[in-house]
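Proteins come first, then strands; the chains are lettered A, B, ... in the order of their sequence lines, and each starts at number 1. Side chains are part of it too, since the values below use all heavy atoms of this structure and drop only hydrogens, waters and symmetry mates.
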2 protein chains.
Amino acid sequence: MEVRAEYCEEHHVHKDLVDSVKLDMPDEESLYDLAELFKVFGDTTRIRILYVLFESELCVCDIAELLNMSQSAISHQLRVLKQAKLVRSRREGKTVFYFLADDHVRTIIGQGMDHINE
Amino acid sequence: MEVRAEYCEEHHVHKDLVDSVKLDMPDEESLYDLAELFKVFGDTTRIRILYVLFESELCVCDIAELLNMSQSAISHQLRVLKQAKLVRSRREGKTVFYFLADDHVRTIIGQGMDHINE
DNA sequence: ATAACATATGAACAGTTGCTCATATGTTTG
DNA sequence: CAAACATATGAGCAACTGTTCATATGTTAT
C-alpha cells in the first residue's frame with residue numbers, strides 16, 4: 001500500500017511490486033478450484049437449498065416442495081452441491097436424505113450475508 | 001436434525017418441519033443478492049484480480065500485465081467487481097488505481113481456501 | 001415378478017457470461 | 001488545439017449454465 005510509483009508509462013509496470021505480487025499468488029490450480037467453489041454458491045437455487053439444509057437434513061422431494069421446483073431440477077443441483085463437497089447424502093430405503101457436509105458452508109454464507117448487509 | 005419422520009409418501013412433506021424451515025428463510029431479495037455476490041467470486045479472472053489487490057492497489061494496466069490479459073478484459077471485470085462493491089478506485093491523472101473495498105473480501109476468499117484445502 | 005415410489009441422469013434448448021475488437025471518454029503534455 | 005496515453009464501453013460471438021422432458025436406476029411392498 002505504501003510502495004507505489006510511476007507504473008504505467010509506456011505500458012511498463014513497476015518491476016519490484018509486480019514481482020512481489022507474483023510471488024504471493026497461489027498456484028493456478030488453487031485459484032481455479034476456488035473460483036469453481038464460489039461458482040457453486042453463485043446460484044439462487046443452490047443457495048436456497050443450502051439454506052433449507054441449515055435446519056435439518058431433508059429428502060429430495062421435501063426440498064423440491066419447499067422451493068416449489070421440480071424434483072429433477074433439485075436433483076441436478078444436489079449433484080453439483082455434492083461434487084463440491086458442500087452436502088452429503090445417506091439413503092434410507094427409497095428416500096435419500098441430504099445434509100450439509102460441514103460448517104464451512106454456514107461460515108461462507110454468513111460472511112456473504114455480512115457483506116451484502118454492508 | 002433430531003426431528004424427522006415419513007415425509008415423502010404420496011409426495012407430502014412433513015408439515016411442521018417444512019413450516020419451521022420456511023420461517024427461517026431469508027427473503028427472496030437477500031437470497032438473490034447473496035447468489036449475485038458469490039457469482040462475482042465465481043470466476044478465475046476476478047479471483048486473480050482480487051488476489052493481486054491483496055498486496056497493493058494497482059492500476060488497470062498493471063493488473064492486465066500481471067494476469068497477462070487485455071486491458072479491455074480487465075476493465076470489464078473491474079467494473080463487475082466495483083458494482084459488487086468488492087473494489088473501489090481512485091483516479092490519479094490518467095491513471096485509475098483499484099483497491100479492495102474492505103476486509104470481507106479477504107475473509108470470504110480465506111474461508112473458500114479453507115474449504116478447498118479440506 | 002410386478003407395480004409403485006423416490007431419485008438420478010442424458011439430451012436439448014434458452015438464457016447468461018466473458019472474451020475480443022473497435023471505438024469512445026477522460027487526462028496530460030506539447 | 002492536437003497527439004498520446006489510460007481507461008471505459010458497446011456489440012458480437014463462442015462457451016457455459018440451469019431448466020424441462022423423457023427415461024433410467026434403485027428400493028420396497030404385494
Side-chain angles (χ1 to χ4, degrees), chain A residues 4-14 31-32 35-50 57-84 87-99, chain B residues 4-14 31-32 35-50 57-84 87-99:
Chain A
R4 218 170 5 73
E6 292 71 42
Y7 306 110
C8 283
E9 302 93 326
E10 323 300 320
H11 286 280
H12 284 104
V13 295
H14 181 81
L31 293 173
Y32 177 81
E36 288 303 302
L37 174 67
F38 286 123
K39 213 170 279 184
V40 175
F41 286 99
D43 175 79
T44 312
T45 299
R46 289 189 294 264
I47 286 279
R48 288 165 79 216
I49 292 176
L50 293 173
E57 63 174 3
L58 290 170
C59 71
V60 179
C61 84
D62 282 347
I63 301 171
E65 287 215 30
L66 268 166
L67 306 197
N68 201 32
M69 291 181 65
S70 75
Q71 175 269 319
S72 179
I74 298 300
S75 198
H76 277 296
Q77 296 297 13
L78 283 169
R79 185 150 74 114
V80 175
L81 291 168
K82 198 171 183 180
Q83 281 169 345
V87 305
R88 288 163 57 207
S89 66
R90 67 179 182 85
R91 180 176 276 276
E92 196 172 287
K94 290 177 286 189
T95 309
V96 177
F97 289 98
Y98 282 83
F99 51 93
Chain B
R4 217 172 3 78
E6 293 68 43
Y7 306 110
C8 280
E9 302 92 328
E10 322 301 316
H11 287 279
H12 282 104
V13 294
H14 182 80
L31 292 173
Y32 177 82
E36 288 301 303
L37 174 66
F38 285 123
K39 214 169 279 183
V40 176
F41 284 99
D43 174 80
T44 312
T45 300
R46 289 190 292 265
I47 286 279
R48 289 164 79 214
I49 292 175
L50 293 173
E57 64 174 5
L58 290 169
C59 70
V60 179
C61 84
D62 281 347
I63 301 172
E65 287 216 29
L66 267 166
L67 305 197
N68 200 32
M69 291 181 65
S70 75
Q71 175 269 319
S72 179
I74 298 300
S75 197
H76 278 296
Q77 297 296 15
L78 284 169
R79 186 151 74 117
V80 174
L81 290 168
K82 197 171 183 179
Q83 281 169 344
V87 304
R88 288 165 54 209
S89 66
R90 66 180 183 83
R91 180 175 275 279
E92 196 172 289
K94 290 177 285 187
T95 308
V96 177
F97 289 97
Y98 282 83
F99 51 94

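- Taking both residues in full, the closest heavy atoms of A:Leu67 and A:Arg48 are given as O-NH2, 3.3 Å, listed atom of the first, atom of the second, then distance.
- With rounding to the nearest 0.5 angstrom, the CG atom of A:Leu66 is 10.5 Å from the CD1 atom of A:Ile49.
- In plain terms, the two heavy atoms of B:Gly42 and A:Lys39 that are nearest each other are O-CE, 3.0 Å.
- D:dT7 atom P lies 12 Å from atom CZ of B:Arg90, rounded to whole Å.
- Whole-Å rounding puts the A:Ile74 CD1 to D:dT19 C1' distance at 11 Å.
- You'll find the side chain of B:Val80 stays beyond 4.5 Å of the side chain of B:Asp43, heavy atoms only.
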Exercise. Can you check each nucleotide of nucleotides 12-18 of chain C against protein heavy atoms at under 4.0 Å and return B for base, S for sugar-phosphate only, - for none, in 5' to 3' order?
Key: -----SS

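- Smallest separation of non-hydrogen atoms from A:Leu58 and A:Asp62: CD2-OD2, 3.6 Å.
- A:Phe38 has its CZ atom 17 Å from the P atom of D:dT17, to the nearest Å.
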Using a cut-off of under 3.5 Å, enumerate the N/O to N/O pairs linking the protein to nucleotides 8-11 of chain C.
residue : atom : partner : partner atom : Å
C:dA8   : OP1  : A:Tyr98 : OH           : 2.6
C:dA8   : OP2  : A:Ser75 : OG           : 2.8
C:dA8   : OP2  : A:Tyr98 : OH           : 3.4
C:dA8   : N7   : A:Gln71 : NE2          : 2.9
C:dA8   : N6   : A:Gln71 : OE1          : 3.4
C:dT9   : O4   : A:Ser72 : OG           : 2.7
C:dG10  : O6   : A:His76 : NE2          : 2.8

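- Between A:Ile47 and A:Phe41, the shortest heavy-atom contact is CG1-O, 3.1 Å.
- Contact detail for A:Tyr98 and A:Val60: the closest heavy-atom pair is CE1-CG2, 3.6 Å.
- The CZ atom of B:Arg46 lies 6.5 Å from the CG atom of B:Leu81; values are rounded to the nearest 0.5 Å.
- Between B:Gln83 atom CD and D:dT9 atom P there is a gap of 9 Å when expressed in whole angstrom units.
- Look at NZ on B:Lys94: it is 7 Å from P on D:dC5, rounded to the nearest Å.
- When each of C:dT20, D:dT7, D:dT28 is scored by its nearest atom to the side-chain atoms of B:Cys61, the top-ranked nucleotide is D:dT7.
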